[in-house]
Engineer: 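The structure follows.
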Protein chains: 2
Amino acid sequence: MTQRSFRRASGDERSQALIKATLASIAEGGLQNATVRDIAQRAGVTAGLIRHYFPSKEALIQAAYRALMQDLTDNVMAALSDVPSLSAGQRLQRFIEANFQAAVLDSQMLSLWAAFISVVPSDPAMKAIHQEHYLAFRDSLEQLLTAFFQAQGKAIKASETEQAAIAINAIIDGLWIEGCLAQHLLSAERLAALAVQSTEAILGMRLQANHEANC
Amino acid sequence: MTQRSFRRASGDERSQALIKATLASIAEGGLQNATVRDIAQRAGVTAGLIRHYFPSKEALIQAAYRALMQDLTDNVMAALSDVPSLSAGQRLQRFIEANFQAAVLDSQMLSLWAAFISVVPSDPAMKAIHQEHYLAFRDSLEQLLTAFFQAQGKAIKASETEQAAIAINAIIDGLWIEGCLAQHLLSAERLAALAVQSTEAILGMRLQANHEANC
DNA sequence: AAATTTATTATACAGTTGTCTAACAAGAAC
DNA sequence: GTTCTTGTTAGACAACTGTATAATAAATTT
């Protein structure tokens with residue numbers, strides 16, 4: 001048997017390609033679809049190579065979950081970093097709206113997220129990854145809220161900030177899910193507007209003072 | 001080979017046992033865990049029997065998804081039917097709170113839901129089942145909202161009712177997910193209260209007139 | 001240019017998967 | 001009690017699964 005020619009890739013490059021292929025495979029047909037052979041094919045390598053970069057398929061799945069969450073976080077955070085000076089309200093609004101970008105509001109992204117979530121309750125390692133990112137997300141939200149309350153000159157108890165963060169997180173997640181599942185019925189703009197509007201309702205104040213405030 | 005003794009069950013009884021076993025299997029370890037052998041063992045039968053009741057494993061999974069959604073719907077609707085005369089606001093509140101019952105606010109229930117959702121985007125049959133139940137749920141919510149607006153004597157456009165239903169649905173789903181994933185951090189009562197409170201904020205009015213309304 | 005390292009392939013392996021078939025036994029009909 | 005129907009079991013099947021191992025070729029070092 002003659003061996004096919006191949007290209008030697010530097011470690012990081014190939015492992016990231018494998019992670020990307022894993023996410024693509026799961027997105028297309030759930031965790032069941034993501035066999036080592038399917039993943040390898042998508043990455044353009046043979047199945048055996050996976051074990052050269054990851055101790056087991058399980059470890060690859062975990063790495064893929066971590067990478068996905070990191071990517072989502074980075075994507076949302078990028079919406080805040082590229083513009084230097086924004087008011088606290090504007091920053092909060094940007095943060096919320098960033099969750100409805102085309103890259104995030106996508107049925108394959110939902111498929112991915114759901115596949116991972118379905119094993120989080122029963123898989124300790126996956127649960128740990130989830131907890132870490134969930135708390136980081138909610139923490140970012142709480143910080144934005146605290147800054148916003150401060151800018152508004154309102155003294156708000158920490159427990160109230162936490163409560164608002166939980167509710168706003170819920171409405172972001174809920175609208176994101178609805179949007180991904182019914183992409184043809186709900187546009188990204190409408191969802192983002194609804195999320196902002198609902199947030200303003202929950203907080204009892206507007207994020208931007210475009211219109212004059214009513215008593 | 002001597003054959004083990006067994007009990008002949010009437011058609012419906014056994015197929016429902018199989019569906020129940022399927023849900024239990026998926027809840028415990030996702031769709032991957034739900035092999036015909038595992039399902040059969042949980043139902044106390046041999047694997048071959050599944051094909052006597054369902055044309056394929058795929059059909060069993062679909063039946064299980066349908067049964068789960070129906071069960072969830074029934075569970076929430078029961079909260080409205082057992083008490084005859086309630087105000088429109090009280091009915092709406094009950095409907096919302098029913099989503100945070102112990103039977104619904106459960107990490108295994110989330111695991112189940114997520115496992116199914118993960119294949120909805122890519123599986124047309126599963127997508128059809130989802131659409132049907134999602135629209136039915138939102139429709140119930142819209143009807144409750146319409147009745148509530150009417151009772152309040154406010155004339156609200158249909159589009160606004162729909163928009164409110166989407167937002168309220170989102171907050172129910174989002175809080176439910178957060179609650180299931182962080183059961184130790186968020187009590188059912190707190191979540192239900194948050195959902196009702198957020199709904200009131202979105203609608204701009206209280207569901208029950210316990211306290212006197214402020215200007 | 002030769003030697004060394006190691007990323008990559010090819011292949012094998014035991015265990016698991018969904019499906020199928022034939023034998024069988026439980027209950028109903030007569 | 002005998003016959004008939006069919007729910008149920010047992011077992012086999014090919015295809016697929018994650019993992020392991022040895023050969024091999026692409027870079028790197030010398």
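Per chain, numbering begins at 1; letters A, B, ... match sequence-line order.
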Engineer: Take the protein atom CG of L60(A) and the nucleotide atom P of dT17(D), then report the distance between them rounded to whole Å.
Structural biologist: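 Between P of dT17(D) and CG of L60(A): 15 Å.
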Engineer: How do N33(A) and P55(A) order along DNA chain D: which one's closest nucleotide is nearer the 5' end?
Structural biologist: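 Residue closer to the 5' terminus by nearest nucleotide: N33(A).
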Engineer: Nearest whole Å is fine: how far is dA26(C) C1' from R14(B) CZ?
Structural biologist: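 Going from CZ in R14(B) over to C1' in dA26(C) covers 12 Å.
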Engineer: What are the two closest non-hydrogen atoms of A17(B) and A43(B), and how far apart are they?
Structural biologist: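 That closest heavy-atom pairing would be O-CB, 4.2 Å.
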Engineer: Name the orientation class of the two ring planes belonging to W113(B) and W176(B) (parallel below 30°, tilted from 30 to 60°, perpendicular beyond 60°).
Structural biologist: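 The arrangement is perpendicular - the two ring planes meet at more than 60°.
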Engineer: Rounded to the Å, how far apart are Q32(A) CD and dT16(C) C1'?
Structural biologist: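 In whole Å, dT16(C) C1' lies 14 Å from Q32(A) CD.
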Engineer: Given dT8(D), is OP1 or OP2 found less than 4.0 Å from the side-chain N or O atoms of T46(B)?
Structural biologist: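 Negative; the distance criterion is not met.
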Engineer: What is the distance from CG of L18(B) to P of dT9(D), rounded to the nearest Å?
Structural biologist: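 Going from CG in L18(B) over to P in dT9(D) covers 10 Å.
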Engineer: Please state how far atom CG in L31(A) lies from atom C1' in dT17(C), giving the value in whole angstrom units.
Structural biologist: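 Distance, rounded to whole Å: 17 Å.
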Engineer: For I39(A) and dT17(D), give me the distance from atom CD1 to atom P, rounded to whole Å.
Structural biologist: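 About 10 Å, once rounded to whole Å.
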Engineer: Using modelled atom types only, decide if a donor and an acceptor are shared between the side chain of K57(A) and the backbone of A34(A) within a distance under 3.5 Å.
Structural biologist: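 Here the side-chain-to-backbone pair exists.
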Engineer: Among dT9(C), dG18(C), dG18(D), which nucleotide sits nearest the side chain of L49(A)?
Structural biologist: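 My answer, after comparing the listed nucleotides, is dT9(C).
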Engineer: Per the atom types in the model, does the base of dG18(D) pair as donor or acceptor with the side chain of R37(A) at under 3.5 Å?
Structural biologist: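 Answer is yes: a donor-acceptor pair is held.
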Engineer: With a 4.0 Å cutoff (strictly under), does any side-chain N or O of H52(A) reach OP1 or OP2 of dT8(C)?
Structural biologist: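 No, outside the criterion.
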Engineer: Return the value, rounded to whole Å, for the distance between atom CD1 of I50(A) and atom C1' of dT11(C).
Structural biologist: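 Checked: the CD1 to C1' distance equals 16 Å.
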Engineer: Between dT9(C), dG18(D), dG7(D), which nucleotide gets closest to the side-chain atoms of V36(A)?
Structural biologist: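 Looking only at side-chain atoms, V36(A) lies closest to dG18(D).
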Engineer: Determine: side-chain N/O of R7(A) to OP1/OP2 of dA27(D), distance under 4.0 Å, yes or no.
Structural biologist: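 So the side-chain polar atoms of R7(A) never come under 4.0 Å of the phosphate oxygens OP1 or OP2 of dA27(D).
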Engineer: Okay, side chain of E132(A), backbone of I129(A): is any donor-acceptor separation there less than 3.5 Å?
Structural biologist: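 Side chain of E132(A) to backbone of I129(A), a donor-acceptor pair under 3.5 Å: no, none is there.
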Engineer: Would you kindly give the CD-to-C1' distance between Q41(A) and dA10(C), to the nearest whole Å?
Structural biologist: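 Interatomic distance, CD of Q41(A) to C1' of dA10(C): 16 Å.
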Engineer: Does P121(A) offer a backbone N or O that forms a donor-acceptor pair with the side chain of S111(B) under 3.5 Å?
Structural biologist: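 Side chain of S111(B) to backbone of P121(A): no pair is present.
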